[in-house]
Amino acid sequence: MVKESDVCLKTLVVVAHPNLQQSRVNKRWVEELRKHSGEVTVQDLYGAYPEKVLDIGREQALLAECERLVLQFPLQWYSTPPLLKQWLDEVFTTAWLFGPGGKAVAGKELLLAVSIGGAEETYEAGGLIGYTISELTRPLQAFANQIGMTMLPHFKFHGANQAADEQIESSAERYIRHILAPELDPRIARQRMLNEMKQKMQASL
């Protein structure tokens, strides 16, 4: 049986924003993350690698230490910023993932934290864009499945272009609660559901 207390949250947040200091949403999220340095490690890709030359060993070491990986980025042309794609391509090598000693990230958790400029109603069937964020990020979900990671529910913030300061502040607080919540683990949600069903069955006897 999996309990919430059994889940150790060593969380790595990889931030990929090409202009983080000019960002209102992602910059505020990072500020909030840094208040939780005991629980969260923040890796700002564009800040760490202005020349776009990655330290592969360093990145793999950070991944090895975490149990939950968060990819934080603004949606750009329905995809990730280019440095995040480069990071995925260069860091997650076949030799590292499936070499001696087993699978490097198998069993770890992955979730996306995405800021979206447009309103939520545009990202649905019949809307201006016509596709949900879950549909647009399907390649990352397939990536997680292929390397043995558990995909957790996204954290999404729509309307970033027009958001009021109060909305951004609220999103930062919700963001932290979301990515640190152990109950995002589907094993825990499943066990809770089974326990509730068992209690209802016993009560009806």
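In plain terms, the two heavy atoms of Pro74 and Pro18 that are nearest each other are CG-CD, 4.5 Å. For Arg24 against Asp165, the heavy-atom pair with the smallest separation is NH2-OD1, 2.8 Å.
Side chains of Glu59 and Tyr49: a donor on one and an acceptor on the other come within 3.5 Å.
Using a 4.5 Å heavy-atom threshold, the side chains of Ile133 and Leu112 count as separate. The shortest distance between side-chain heavy atoms of Val30 and Leu20 falls below 4.5 Å.
In this structure, the side chain of Glu135 engages the main chain of Thr132 through a donor-acceptor pair within 3.5 Å. For Gln141 (side chain) and Met151 (main-chain N/O), no donor-acceptor pair under 3.5 Å exists by modelled atom type. Remark: side-chain polar atoms of Arg28 are not paired, donor with acceptor, to backbone N or O of Ala172 under 3.5 angstrom. In this structure, the side chain of His178 engages the main chain of Pro153 through a donor-acceptor pair within 3.5 Å. Of the possible polar contacts, none joining the Glu67 side chain to the Glu109 backbone as a donor-acceptor pair under 3.5 Å is found. Between the side chain of Lys156 and the backbone N or O of Ile116, no donor-acceptor pair lies under 3.5 Å.
Between His158 and Tyr123, the angle of the ring planes lies from 30° to 60°, which puts this pair in the tilted group.
Trp29 and Phe155 have their aromatic ring centers within a separation under 6.0 angstrom.
Between the NZ atom of Lys108 and the CG atom of Leu12 there is a distance of 9.5 Å, given to the nearest 0.5 Å.
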### Chi angles and distances behind the ring pair (Phe, Tyr, Trp, His ring centres under 6.0 Å) call for Tyr78, Tyr131
CA-CA 10 Å; Tyr78 318 117; Tyr131 297 93; 8.4 Å; no
Q. What's the verdict on side-chain contact (heavy atoms from CB on, under 4.5 Å) for Glu65 and Thr41, showing C-alpha distance, side-chain angles and the deciding distance?
A. CA-CA 10 Å; Glu65 290 297 319; Thr41 299; over 6 Å; no
